[in-house]
Amino acid sequence: MGVCPSATMSLLRDNFTGALRPWARPEVLTCTPWGAPIIWDGTFDPDVAKQEATQQNLTIGLTVFAVGRYLEKYLERFLETAEQHFMAGQSVVYYVFTERPGAVPRVALGPGRRLRVELVVRERRWQDVSMARMRTLHAALGGRLGREAHFVFCMDVDQHFSSTFGPEALAESVAQLHSWHYHWPRWLLPFERDAHSAAAMARGEGDFYYHAAVFGGSVAALRDLTAHCARGLAWDRARGLEARWHDESHLNKFFWLHKPAKVLSPEFCWSPDLGRRAEIRRPRLLWAPKEYRLLRD
Ligand code: UDP
Ligand code: MN
């Protein structure tokens with residue numbers, strides 16, 4: 001049975017349990033070796049999680065970068081579907097980071113939901129746009145975003161919500177299992193292997209391969225995470241290095257050193273290209289098809 005031995009401990013540490021019942025999904029791993037829940041559809045009660053969050057009158061931040069052609073291509077659908085599915089009924093503040101504030105689509109927002117646009121400079125290479133997010137997020141979390149939100153999720157824009165993504169996903173720090181890699185043997189996982197990189201992981205290191213398209217946590221935890229990653233990225237750059245998967249490599253190093261308090265199953269960020277799988281019951285976020293030639297030249 002996939003019962004988390006320290007489920008009770010996690011209940012005490014974490015107020016947004018949504019009445020965890022890891023035994024409801026015996027066919028998948030529902031607990032990490034360090035006792036953090038891995039939440040799959042059916043292992044929590046979304047209504048209980050919702051009540052818990054409402055009682056605490058939380059404000060939840062959602063950050064997203066839409067720079068260059070990613071803005072026209074993805075932002076509107078991302079925001080429209082977030083209005084339907086992301087933390088419905090809670091107070092939410094979107095932070096959209098872009099170099100063209102005037103081009104941000106006007107999406108009708110529900111009550112208690114706000115959208116703020118933050119200006120960023122456009123980096124030339126797409127890898128640099130992606131990597132610069134850590135430094136920018138760190139600054140934002142130290143400013144207004146950090147003052148107005150209790151918990152924050154940071155997401156890629158090239159995806160859309162397809163089902164409930166609610167307070168059951170909240171915790172002090174939250175990592176997303178990568179849908180391509182969740183069932184791969186550890187030695188095959190695409191961690192950074194160059195020992196000179198700040199993101200380096202030795203063979204045998206690494207718990208899971210996490211996807212940088214979704215991570216979250218408290219403001220304090222995310223300040224630490226973004227500081228760590230921004231520092232690692234700057235260290236590598238000063239040495240002429242670039243980790244294999246950019247900011248994601250550094251994120252994986254951070255979560256190896258500082259274990260996440262909650263892990264989201266691949267249902268929370270699923271790649272439709274992988275087709276149907278029995279354990280993927282209800283995908284909550286779907287990757288858009290990769291159209292790199294259109295977006296990245
Ligand atoms: N991004 C952007 N403009 C760019 C490159 C990246 O806005 O030119 C942002 C966007 O939010 C995107 C994220 O950075 O979702 C990560 O880049 P991408 O999704 O292309 O990386 P992948 O998911 O393919 O690793
Ligand atoms: Mn992406």
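For ligands, and for the atoms within them, numbers begin at 1 and follow the listed sequence. We number each residue from 1, following the sequence as shown. Source: prediction; values computed, not measured.
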Quiz item: Looking only at heavy atoms, is any part of A212 under 4.0 Å from ligand 1, and if so is it the side chain, the backbone, or both, or is it neither?
Solution: neither
Practice problem: For residues P272 and L286, report the shortest heavy-atom separation together with the two atoms involved. | Solution: CG-CD2, 4.0 Å
Quiz item: Which atoms form the tightest heavy-atom contact between W270 and S179, and what is the distance?
Solution: CE3-CB, 3.4 Å
Quiz item: Nearest protein heavy atom to atom 21 (O) of ligand 1, by residue and atom, and its distance?
Solution: R296 NH2, 3.4 Å
Quiz item: Applying a strict 4.0 Å limit to heavy atoms, is E123 in contact with ligand 1?
Solution: no
Self-check item: Proximity to ligand 1 by part of R133, non-hydrogen separation under 4.0 Å
Solution: side chain
Quiz item: By ring pair (Phe, Tyr, Trp, His ring centres under 6.0 Å), which residues pair with Y94, not counting sequence neighbours?
Solution: none
Exercise. Might you point out which heavy atoms bring A261 and A36 nearest each other, and give the distance in Å?
Key: O-CB, 3.3 Å
Practice problem: Could you pull out the closest heavy-atom pair between Y74 and P289, with the gap in Å? | Solution: OH-O, 3.8 Å
Practice problem: Return yes or no for this condition: an N or O of V129 is under 3.5 Å from an N or O of ligand 1. | Solution: no
Quiz item: A66 and E99: which non-hydrogen atoms are nearest, and at how many Å?
Solution: O-OE1, 3.9 Å
Quiz prompt | Protein heavy atom at shortest distance from atom 22 (P) of ligand 1 | solution = K290 NZ, 3.6 Å
Practice problem: Enumerate the atoms of ligand 1 whose separation from the nearest heavy atom of V157 is less than 4.0 angstrom. | Solution: 10 (C), 11 (O), 15 (O)
Quiz item: Who passes salt bridge (Lys or Arg N to Asp or Glu O under 4.0 Å) against D41, sequence neighbours left out?
Solution: R282, R284
Quiz prompt | Within the 6.0 Å centroid threshold, strictly below: F165 and F153 | solution = yes
Quiz item: Under 6.0 Å between the ring centres of H178 and W245?
Solution: no
Quiz item: Taking non-hydrogen atoms only, is H246 closer than 4.0 angstrom to ligand 1 via side chain, backbone, both or neither?
Solution: neither
Self-check item: Ring centres under 6.0 angstrom apart (Y209, F191)
Solution: yes
Quiz item: Looking only at distance, does H211 have an N or O less than 3.5 Å from an N or O of ligand 1?
Solution: no
Practice problem: Output the list of atoms in ligand 1 that are nearer than 4.0 Å to some heavy atom of A66, sorted by atom number. | Solution: 7 (O)
Quiz item: Does NZ or CZ of R231 lie under 6.0 Å from the centre of the six-membered ring of W235, at an angle within 45° of the ring axis?
Solution: no
Quiz item: Against heavy atoms of D158, which atoms of ligand 1 measure under 4.0 Å?
Solution: 15 (O), 19 (O), 23 (O)
Quiz item: What about M155: any of its N or O atoms under 3.5 Å from an N or O on ligand 1?
Solution: no
Quiz item: In terms of residue, atom name and distance, what is the protein heavy atom nearest to atom 24 (O) of ligand 1?
Solution: Y292 OH, 2.3 Å
Self-check item: Contact summary for R186 and E205, nearest pair of heavy atoms
Solution: CD-O, 3.9 Å
Quiz item: Is Y70 in polar range of ligand 1, meaning some N or O pair under 3.5 Å apart?
Solution: yes
Exercise. Just need the protein heavy atom nearest to atom 7 (O) of ligand 1, so name the residue and atom and give the distance.
Key: V67 N, 2.8 Å
Quiz prompt | Contacts of T54 that satisfy side chain to side chain donor-acceptor pair (under 3.5 Å) - sequence neighbours left out | solution = Q90
Practice problem: Would you mind checking which non-hydrogen protein atom is closest to atom 11 (O) of ligand 1, with the distance to 0.1 Å? | Solution: F65 O, 2.6 Å
Quiz item: Can the ring centres of F161 and F78 be said to be less than 6.0 Å apart?
Solution: yes
Exercise. Return the set of protein N, O or S atoms whose distance to the Mn ion (ligand 2) is under 2.8 Å, each given as residue and atom.
Key: D156 OD2, D158 OD1, D158 OD2
